[in-house]
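Report on one structure; see the data block that follows.
In the text below, chain A, chain B and the rest are named by the order of the sequence lines, each starting its count at 1.
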Amino acid sequence: MIPRKQVEDERSNGMIGKILGGLNSTLRKLLFHVISSRPIPEHIAFILDGNRRFAKKWKLTEGAGHKAGFFALMSVLKYCYEIGVKYVTIYAFSLDNFNRRPDEVQYVMDLMQEKIEGFMNELSLINKYGIRVLFIGDLDRLYEPVRIAAEKAMEATAKNSTTYLLVCVAYTSSHEIPRSIHESCQEKSGATAIRVINGNGHTNENHGGHAMIKVVDLEKHMYMGVAPDPDILVRSSGETRLSNFLLWQTTNCLLYAPKALWPEMGFWQVVWGILEFQNNYKYLEKKKKQA
Amino acid sequence: MLSLSFFSPPPRSYLQNPIFLSTNNPRLNVFTNDPFAGVGITSPEQPLVTPAGLRRELMPKHVAVIMDGNRRWAWSRGLMPQAGYLAGAGALKVVVDLCRKWGIHVLTVFAFSSDNWLRPKVEVDFLMGLLESVLKDEVASMSRKGIRLSVIGDVSKLPQSLREFITQCENTTKNNSRFNLVIAINYSGKYDIVQACQSIARKVKDGVVEPEEINEFMINNELGTNLMPFPYPDLLIRTSGEVRVSNFFLWQLAYTELYFTDTLWPDFGEDELLRALHVFQRRVRRYGV
């Protein structure tokens, strides 16, 4: 009787394993090539929902659900970049999530720090693929070590521009929008002051300056102003709600809610999401042009 | 620090009769001018009915509907789009009655988006005429049934006669409290937020408000839905199979359960509404926690 471990080692490391793995990769690339003959979304946003339910379903500790979610995230990112998606945004941690149990918040913060630091160890590979990482949200609300690690990661990848990974942490739209209004007001009042100081004499015009805040001003000051609006918003676990994520940016965005919990997300969900996008492409382009 | 200002208590002048629910989610602090909001007022002749299989305590307080699919309904029958709109108006009456009967407090319907001006002029003119004639026909019935009508959106671009009639209807029904029907005409979620922002900017310029005081509560109070009881929809229904929000409520949809159905709007009736409510009541709402 061959020991089970030996059989598994043989499967993963042996000749047959390598052949099957290579075949899998080739078939995947072929499928992506076929899909890419039609338009591919430029920006996909993901809400990573269902980690805790996954842990409960498989009778794991709650933390194990988040860890499994991280592996699913790596797979999904790989498929998105392989198929040609330029911007991927993920809703990693909401400001509302701070209301969860303190031990869970601590666990997630520690996990984020561990993964960001792990990411920094693979920097040469990341830079080779040209991935720029941006952390979006109220970073001051993050625990200090996580914030420092995030800022280091952003700095280290600042020169990349092939693909973008936007990680929303300590983020909600109901924080982003008032902040954008605040910054727009400050910019307008700052511009007013400058005009007065330079004494160009148009003081009457300046008094109207505050009331002239427009959509472009708000969008310029949004955290998500660094990327175009998402083409498709994917929320795992089948829940259909936005949970305060990208409310402004998902005006005409396609919503897709596969039933798979986040750790179960992978290849087929990404493919199906892109096919849904392609079915709705004409309408979405029409809306973009109108906007 | 910038982040702290968004979670500081709102200035007292912006709080109007808050109703605090047993949750620490600040979005559930409802600010309303209506002293009877949250109370299930019924007339003695028409008690609230809870359909079989639904639980009274889990009924949504505010339902929003994107009435999509009127034109497709007409085309599939070889009719002009105008026939679809007429059929849609009929479906709306049915849904209003059902929501009122079942104890839903607010129904908001997306009648005309600011994007819809790009449709053919004939259609747009027909829609404006239809809105006016439906309001004319229904205003007496609304008064009898205790329905309060409000309109949100940029009414300045509507035809003069419709604008005047809307004002008249709102005034006639403003004391009704059984049910709130909100019609979004020439509305866009972005426009709502931008006008709130401009209003706040004017207050900053006039020195009424400091920039550091700009927070979520202030925006709540400046949006078109600020005077509504339950300004945030619990449930958004979109018919015709399209799975997107299309510039309807943006800010207000933060924690709304979204329900999409392939049924076209003129075919949406009691069965479909029941199905939507069943699905809603099975959802576990966590508000981000």
(message) Checking an interface table here. Which of residues 63-76 of chain B come within a heavy-atom distance under 4.5 Å of chain A?
(response) none

(message) Please tell me whether B:Tyr187 and B:Asp192 have a donor and an acceptor in their side chains that are separated by less than 3.5 angstrom.
(response) yes

(request) Please work out whether the ring planes of A:His43 and A:Tyr87 are parallel, tilted or perpendicular, with thresholds of 30° and 60°. (result) tilted

(message) Please classify the contact between B:Phe248 and chain A as side chain, backbone, both or neither, with a heavy-atom cut-off of under 4.5 Å.
(response) neither

(request) Heavy-atom distances under 4.5 Å only: say whether A:Phe98 touches chain B with side chain, backbone, both or neither. (result) neither

(request) May I ask you to name which of A:Glu104, A:Glu239, A:Arg100, A:Lys214 has the most heavy-atom pairs under 4.5 Å with chain B? (result) A:Arg100

(request) Tell me, out of B:Val284, B:Ile193, B:Leu236, who's got the most heavy-atom pairs with chain A below 4.5 Å. (result) B:Ile193

(request) Inspect the surroundings of CH2 in B:Trp117 and state if more than 12 heavy atoms from other residues, nucleotides or ligands are less than 6.0 Å away. (result) yes

(message) With a 4.5 angstrom heavy-atom cut-off, is it the side chain or the backbone of B:Ser246 that approaches chain A, or both, or neither?
(response) both

(message) Check the orientation of B:Trp265 and B:Phe268. Use parallel for under 30°, tilted for 30 to 60°, and perpendicular for over 60°.
(response) parallel

(message) Is A:Leu218 in contact with chain B via its backbone, its side chain, both, or neither, using a 4.5 Å heavy-atom distance?
(response) side chain

(request) State whether a side-chain donor-acceptor pair under 3.5 Å links A:Thr251 with B:Asn247. (result) no

(message) Quick one about B:Tyr255 and A:Asp96 (side-chain donor to acceptor, distance below 3.5 Å, no hydrogens or angles considered), yes or no?
(response) yes

(message) Could you check whether B:Glu123 and B:Tyr85, counting side-chain N and O atoms only, form a donor-acceptor pair closer than 3.5 Å?
(response) yes

(request) Quick one: do B:Glu222 and B:Asn226 satisfy side chain to side chain donor-acceptor pair (under 3.5 Å)? Show the steps, please. (result) CA-CA 6 Å; B:Glu222 298 293 341; B:Asn226 62 344; 5.8 Å; no

